[in-house]
Amino acid sequence: MPVEVLKGTLQGFKTSLPNRLQKVDLKHLRLGCNCANKYFQGAVVISYPLTRLENGKAFFKIVLQESENSSSRTDTINMLLFGKLAEDSEKVVHQGDTLVVAGFSLTKSASEDGRHCCQLEMSDETGSTIYICPKSPCTAAASETVSISVAPKYTYTPLNHLKGGTVVNLYGAVKFFKPPYVSKGTDYCSVVTIVDQSDTKLVCTLFNANRDALPKIYKNGDIVRFHRIKVQEFNGQMQGVTSNGFAALTFDGTVGAPVVPRTTSKLFTFTEEDKKTVEDLRIWVASNSSNSVPAANLSSIQPQMFFDLTCQLVGKAKVDGASYLLKVWDGTKCPFPSWKVLVKEDDLEGDSVLINQLKNLTVDVVVYDNHVQLAKSLKVGNFIRMYSLHAKTQSPEGKPDVSYVQFHLHGGTGYGRGITVLPENHTDVKKLKAFLDSLDLRKYAGSEIPSAEPEDSYLTLGSCLEAYQELSVTVLTDHQHFDVTAVNTILNSRIPQQYRIRAKLRRFEPKKLHQSIKLLCPQCNLLQEVPDVTEFDTLLQASATRPNPDSQNIPFCESVVWDIESQGSRYVAVHFVTRYELLQEPEDSLIMIEGGTLRDILRLSKKFKGIIPVRSVEDNLVLLDLSVPFFWQGNIQYYGCQRCSDPKAVASLSALAVQQNASWEPTTIAEALGIVLLQYVFVMKFTLDDGTGTLDAYLVDAENFFQIPASEVLTSNIFQEDMERIMNKLCPTGRNPDGLPWLECFIKSYYVKNGREEQLSYQIFDTMIAEDV
DNA sequence: GTTTAGGGTTAG
């Protein structure tokens, strides 16, 4: 009987209320206070017309005044009624009536109207009850005895009494859980295993389109209450699944902690009996606890462990489609060196000043696959918990004594892998916040870079960095957020890493420019010397056989054969590749040549777009041996990797010959012929010195570092002069070392096999010479 | 109205 009009006096009625119901005053109504056993009494000062919500539900609003003699707005409170209760009340409530209400929930007032900061919410679904004492009492006889049921009586089934095909209400302690994740269907999914005093386990598979409707479990041992969960048999075991009207409450499992349900629902019942059930379960859990995954902080991690980490997000960045970087800290220092994941400066989200400040306390966590979506949605500053995080120790091959740790949240949801955002009012968050606030960050701050005070704006730091870089003759093309590391620190580390350094170029090798140009296979990384073209004359001659007249009819070529009688019986065949069966202008034409000498080829390569030396094998034209250049263009010879190429017959060029937009560029031709093109690169050793130590770093670069193409430098006077000027600026001969310019460089360390030994080497990357040099 | 997952580590 949710709404009842009293026939007797209010006093008389109140004596019939159960003892456990206590009157509560407006001043004691606060958010979070347990109102299960409270009633409130007030007079109706306003009653609004009945309306309907968007979902069709009836809605009725009343303003109640606590004290009859007061006219202050602060003495009034809004009461919101929903559903059938709203409809029923609206018929019988009048202005001036006194109401006694119980079974309400208390929420933050939705309107800023100067009334009480909370509002009372009631609906018959949650067992709310309203007693109305009319302003003009009925003249009927004495009051009847009224019995109140504040809440509908829910019964809870012990887990050892479950039967398939039933819908029940359950209480249990969480033994295992997967935080809500996006399922492959349309809903969020959370798998929760609960256990109760009967020591029976139940795996519950919960789905809901609304993440907040799933239980807000943050750790094993939390207590849950499920209403309307369906029990069914699966694989010979009972299983719980969400059914219509499923609702969950979650409680902290700590003995003695306030019994406050976690839910986003505004309407739920919660009785003294519920409280007792939670408290009983807490005590049972405490004495039957089985330690599962440890919750660790960064300072207590062990190599190879999986653990739950509670931390704050400081920065985030995409790594690639399948992984995402989270920079987090928990205020403790990881005892092992940990990896730093290289991302583009522009991709790193977060306060760069703070990221820099905390760099020695944060760790880089890479999350994969299904976790990327959630990771992206996190806000910098969020307090999060990552479950089953993997602290993976890595040692370079053959170096078990040196190790560093990588943090991975691997893909999948096995073992509860996942991330949750913890609410700011969670006990663990409050504790962590207090701890983080208590830290003296200066103790951990790095000292290599001019430190910015927290009140400095990002702009100030930016311009400060600019001034700092002004003196450098190099420019970093990415990762500007990296801090400078001292050379001796780098030398002392045995971990493959990436660093930013600031140093001077003491010396470099080789001194002669032509010695610094090599050929690099981008696939197998083999470096080789650039051959001397004059060596090829014999090779080219040796392949010069009398062209086979049968092979001269090539579909995409116009061919001519020259007899060169002045040189004995030498024959040269030239095949002009046609485009759409048409000859092109010589400067656009690709030609293939059989039996040409080095002189012929060099001469022709100045006139034509490109030349491919070939020979006849039976009826086919094939490339020569890959020890000679397969393609000649202007002054440049292009080579294929003898290991990685899989040369095809020249006929495979026909596909290019019919393409309208195909160009006779070395890369295109190489690809069509199955050739892995060798790259011309500068290979130099720079001895870099920053005052704390010197290290030798290799430069292997095609054109980015000097902004000069290595392929052309040997045939261009202008490029050679540029190179000379640059090297003279970086490392002038006979200059006092103090006068040398600064170079800011990225270098990475990596292990190379040197015989049976592994040796740490350093290479320069993402760095270029400043334009004005 | 159905499907999702149905606990038991990635292999980066």
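Chain A is the first sequence line, chain B the second, and so forth, proteins listed ahead of strands; every chain is numbered from 1. If you're wondering where the values come from, they're calculated on a predicted model, not measured in any experiment.
In this structure, L249(A) and V278(A) have side chains that are not in contact, with every pair of non-hydrogen atoms separated by 4.5 Å or more. The closest side-chain heavy-atom distance from D330(A) to T310(A) is not below 4.5 Å.
For the pair K318(A) NZ and dG12(B) C1', the computed distance is 18 Å after rounding to whole Å. Between the P atom of dT3(B) and the CG atom of L206(A) lies a distance of 18 Å, rounded to the nearest Å. Taking atom CE of residue M305(A) and atom C1' of nucleotide dT9(B), one finds them 14 Å apart after rounding to whole Å. Whole-Å rounding puts the H410(A) NE2 to dT9(B) P distance at 12 Å. Rounded to whole Å, atom P of dT3(B) lies 11 Å from atom NZ of K230(A). The interatomic distance linking Y404(A) (OH) with dG12(B) (C1') rounds to 12 Å, in whole Å. Rounded to whole Å, the distance from NZ on K178(A) to C1' on dG6(B) is 9 Å. Distance CZ (F306(A)) to C1' (dT9(B)): 5 Å, rounded to an integer number of Å.
Between F306(A) and H408(A), the ring centre distance reaches or exceeds 6.0 Å. Ring-centre distance between F82(A) and F59(A): below the 6.0 Å cut-off.
Contact of T193(A) with dG7(B) (side chain to base): a donor-acceptor pair of N or O atoms is detected under 3.5 Å.
Judged by closest nucleotide on DNA chain B, R417(A) is the one of D369(A) and R417(A) placed further toward the 5' end.
Contacts of Y387(A) with the nucleic acid, taken as non-hydrogen atoms under 4.0 Å apart, are absent. Residue Q232(A) is classed as a base contact, given a heavy-atom separation below 4.0 Å to a base.
For dT10(B), the base is not stacked against the aromatic ring of Y368(A), per a cut-off of 5.5 Å between centres and 30° between planes. No aromatic stack links F207(A) and the base of dT3(B), using centre distance under 5.5 Å and interplanar angle under 30°.
F307(A) and F407(A) have perpendicular rings, their planes meeting at more than 60° on a 0 to 90° scale where under 30° would count as parallel.
Within residues 370-377 of chain A, no residue approaches DNA chain B, by heavy-atom distance under 4.0 Å. For DNA chain B, the neighbouring residues in residues 234-248 of chain A, judged by any heavy atom under 4.0 Å, are F234(A), Q239(A).
The closest side-chain donor-acceptor pair between Q497(A) and S749(A), if any, does not fall under 3.5 angstrom. Between the side chains of D320(A) and S323(A), at least one donor-acceptor pair of N or O atoms lies under 3.5 Å. Checked by atom type, the side-chain pair N297(A)/S300(A) shows a donor-acceptor distance below 3.5 Å.
Between K219(A) and D308(A) no salt bridge is recorded (no basic side-chain N to carboxylate O distance below 4.0 Å).
dG8(B): glycosidic angle within 90° of 0, hence syn.
Checking the phosphate oxygens (OP1, OP2) of dT9(B), no side-chain nitrogen or oxygen of K392(A) falls inside 4.0 Å. Put simply, K201(A) has no side-chain N or O that comes within less than 4.0 Å of OP1 or OP2 on dG7(B).
For residues 405-427 of chain A, the pairs satisfying salt bridge (Lys or Arg N to Asp or Glu O under 4.0 Å) are E424(A)-K433(A), with sequence neighbours left out.
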